[in-house]
Every structure is written in C-alpha cells, then in structure tokens.
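Throughout, a chain's letter reflects where its sequence line sits, starting with A, and its residues are numbered from 1. These values consider heavy atoms only, across backbone and side chains, with no hydrogens, waters or symmetry-generated copies.
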Amino acid sequence: MPPRRPLAQGFYARDTVAVARDLLGCTLWTQTPGGVCAGRIVETEAYLDHRDPASHAARGRTPRSAIMFGPPGVAYVYLIYGMHHCLNAVTECDGQAGAVLIRALEPLIGLDLMVQRRKTGPERSLCAGPGRLGRALGIDLDWNGQPLTASSRKSANNFTPGRVWIAAGPAPARVVTGPRVGIRRAASEPHRFCDPDSACLSKPPHFGRL
DNA sequence: GAACCGATTGCCT
DNA sequence: GGCAATCGGTTCG
C-alpha cells in the first residue's frame with residue numbers, strides 16, 4: 001500500500017522543471033463516489049511561463065491560463081481536442097506561472113474502476129497518456145482548481161465531484177529526459193521526464209539520461 | 001460572433 | 001502510417 005498523505009504546498013512552490021522531475025515515483029490518488037484510484041507517476045512534462053512558447057501561459061494571463069499564475073499545489077485541468085481531460089499540477093510561487101503535466105501512471109489501486117471508465121482491459125496502456133489517465137481516474141473540467149494539498153474548508157464547501165492529491169514516493173532508479181510530446185515550439189527543450197524502466201509510458205524514451 | 005487550432009486517442013488501411 | 005472525432009480557448013474582424 002503506497003503512502004496516502006498529500007505532498008505539502010512547499011513541494012510545488014519550486015522550479016517547475018525540478019517539480020516535474022521529482023514527481024516521478026510519487027503516487028497520484030483520486031477519490032470519487034465510484035471509489036478510490038491510485039497510480040505511480042512515471043512520466044511528466046514541465047510547462048513554464050512566457051519564456052516557454054509551448055506553455056498555455058506563453059501569451060500571459062488569459063481566462064484559461066490564469067490558474068497557472070496562482071498559488072501552487074492546485075490542479076489545472078483542461079480539455080484537449082474536444083474530448084480528453086489533461087491533469088496538471090500548478091507550480092512556482094503565487095504570481096509566477098508554471099505547471100507540470102502528468103502524462104502516464106502505473107496503475108496501483110482501483111484497477112476495476114479504471115477499466116470500467118476506460119472501457120478497455122487492464123493492459124499497460126490503461127493510464128499511458130494524459131488523456132487516458134484522465135479518463136481512467138474520472139477527471140473532468142470540474143476538477144480544475146482543486147487543491148492537491150491537504151483539503152481546506154473552502155474547497156470542502158465548493159467541490160463535490162471528487163478529490164485528487166499526490167503522495168510522496170521513492171524516486172525511480174533511472175530518470176530520462178527529452179523533448180515534450182506533441183510540441184512543435186521549443187522542441188529542443190528537454191522538459192519531458194520519465195522512468196525508462198516503466199512499461200506504462202505513453203511513448204518510449206530515447207533521449208539523455210539524467 | 002466566426003474561424004482556427006490543439007500538451008490526444010482509437011480505429012482504419 | 002493516416003485520419004476523424006469534437007469543443008473550449010484564443011484571435012481576428
């Protein structure tokens with residue numbers, strides 16, 4: 001049984017690239033009326049501020065990206081291609097934009113529920129990809145802004161669909177970094193991090209070791 | 001308001 | 001390997 005205690009806000013109030021790397025090996029949890037699910041984070045990507053043309057914060061604060069400028073340790077969820085919900089963790093101090101996209105998990109707990117939501121078998125691809133893990137964990141746009149840290153009174157009053165948090169875990173034996181997936185701008189930046197020994201990656205890594 | 005685009009996936013050939 | 005599905009965000013007129 002992996003640890004369940006949520007990482008503190010201080011973990012997220014750091015350099016986005018460092019948070020992306022350090023999230024590998026941690027455990028992502030979701031709790032909904034349907035049950036609890038958890039998985040080991042094996043792939044992440046860092047998205048920075050206006051200096052990063054691939055980031056949603058590249059053109060400054062907009063209604064969608066505003067949350068990336070806000071306090072760290074909250075969920076940033078957006079809809080991509082009109083059908084997939086992607087989960088990010090907001091990073092950096094309040095006022096500084098940054099987020100880490102969670103791209104793949106090794107399923108640990110709640111496999112039945114994940115399979116049910118994904119309408120597929122319990123194969124390695126169950127949570128291998130941001131859209132796939134979003135579907136498997138039951139994440140949708142209502143989760144946007146939900147704190148990933150210990151629940152506050154405010155969130156308890158405002159939020160009903162479910163709850164999401166990340167617990168610490170041992171770092172992988174190896175970490176590989178490379179270009180982000182599906183990104184054309186700033187393609188040279190090695191802002192993707194993954195555990196090359198995991199069988200649950202969205203795409204195989206073939207870039208530098210860290 | 002209209003047009004275009006996208007941090008994806010699954011199904012088709 | 002190609003491509004459709006599908007819709008909120010962003011930009012432009």
If you restrict it to nitrogen or oxygen atoms, what contacts under 3.5 Å exist between nucleotides 5-8 of chain C and the protein, and what is each distance?
residue, atom, partner, partner atom, Å
C:dT6, O2, A:Y81, O, 2.4

Next item on the list: May I ask you to test the A:C26-A:L7 pair for a side-chain heavy-atom distance under 4.5 Å?
Entry: yes
Mind listing the side-chain donor-acceptor pairs of residues 90-113 of chain A below 3.5 Å, one per line with the distance, residues two or more places apart or on another chain?
residue, atom, partner, partner atom, Å
A:T91, OG1, A:T16, OG1, 2.7
A:T91, OG1, A:G98, O, 3.3
A:T91, OG1, A:A99, N, 3.3
A:E92, OE2, A:T16, N, 3.0
A:E92, OE2, A:T16, OG1, 2.9
A:Q96, NE2, A:D49, OD2, 3.0
A:R103, NE, A:E43, OE2, 2.8
A:R103, NH2, A:S202, OG, 3.1
A:E106, OE2, A:R40, NH1, 3.4
A:E106, OE2, A:S198, OG, 2.7

Check: Quick one, which residues of residues 85-113 of chain A touch DNA chain B with a heavy atom under 4.0 Å?
Finding: A:N88, A:L101, A:R103
Item checked: Co-membership, hydrophobic cluster, residues A:V74 and A:V77, 4.5 Å side-chain -> no
Margin query: Can you list everything that forms a ring pair (Phe, Tyr, Trp, His ring centres under 6.0 Å) with A:Y76? Sequence neighbours excluded, please.
Written below: A:H56, A:Y78
Checklist line | Nucleic acid contacts of residues 49-58 of chain A, taken as heavy-atom distances under 4.0 Å to DNA chain C | finding: none
Item checked: Under-4.0 Å side-chain N/O to phosphate OP1/OP2 contact, A:T62 with C:dT10 -> yes
Checklist line | Residue pairs passing the salt bridge (charged side-chain N to carboxylate O under 4.0 Å, His left out) test where at least one lies in residues 175-185 of chain A, sequence neighbours excluded | finding: A:D52-A:R180
Checklist line | Pairs meeting criterion ring-ring contact (aromatic ring centres under 6.0 Å, His included) with involvement of residues 1-46 of chain A, two or more places apart | finding: A:W29-A:W165
Margin query: Is the shortest side-chain heavy-atom distance between A:F193 and A:V175 below 4.5 Å?
Written below: yes
Listed pairs under 3.5 Å, donor-acceptor, residues 128-135 of chain A side chains, sequence neighbours left out:
residue, atom, partner, partner atom, Å
A:R132, NH1, A:A128, O, 2.9

Checklist line | salt bridge (Lys or Arg N to Asp or Glu O under 4.0 Å) against A:D197, all qualifying residues, sequence neighbours excluded | finding: A:R174
Item checked: Test item: A:R192 and A:T44 side chains (from C-beta on) under 4.5 Å apart, heavy atoms -> no
Next item on the list: Would you sketch DNA chain C in dot-bracket for me? Only Watson-Crick or G-U wobble pairs with both distances under 3.5 Å count, crossing pairs as [ ], other-strand pairs as |, the rest as dots.
Entry: |||||.||||||.
Notebook entry, point to check: Quick one, which residues of residues 114-139 of chain A touch DNA chain C with a heavy atom under 4.0 Å?
Noted result: none
Margin query: Using a 4.0 Å cut-off to any heavy atom of chain A, which nucleotides of DNA chain B are the first and last in contact, reading 5' to 3'?
Written below: B:dG6 to B:dG10
Note to self: Has A:S65 got a side-chain atom pairing as donor or acceptor with A:G60's backbone, closer than 3.5 angstrom?
What the structure shows: yes
Next item on the list: Show your reasoning for whether side-chain contact (heavy atoms from CB on, under 4.5 Å) applies to A:L201 and A:V42.
Entry: CA-CA 7 Å; A:L201 300 178; A:V42 294; 3.8 Å; yes
Checklist line | Distance, rounded to the nearest Å, where A:R59 contributes CZ and C:dC12 contributes C1' | finding: 13 Å
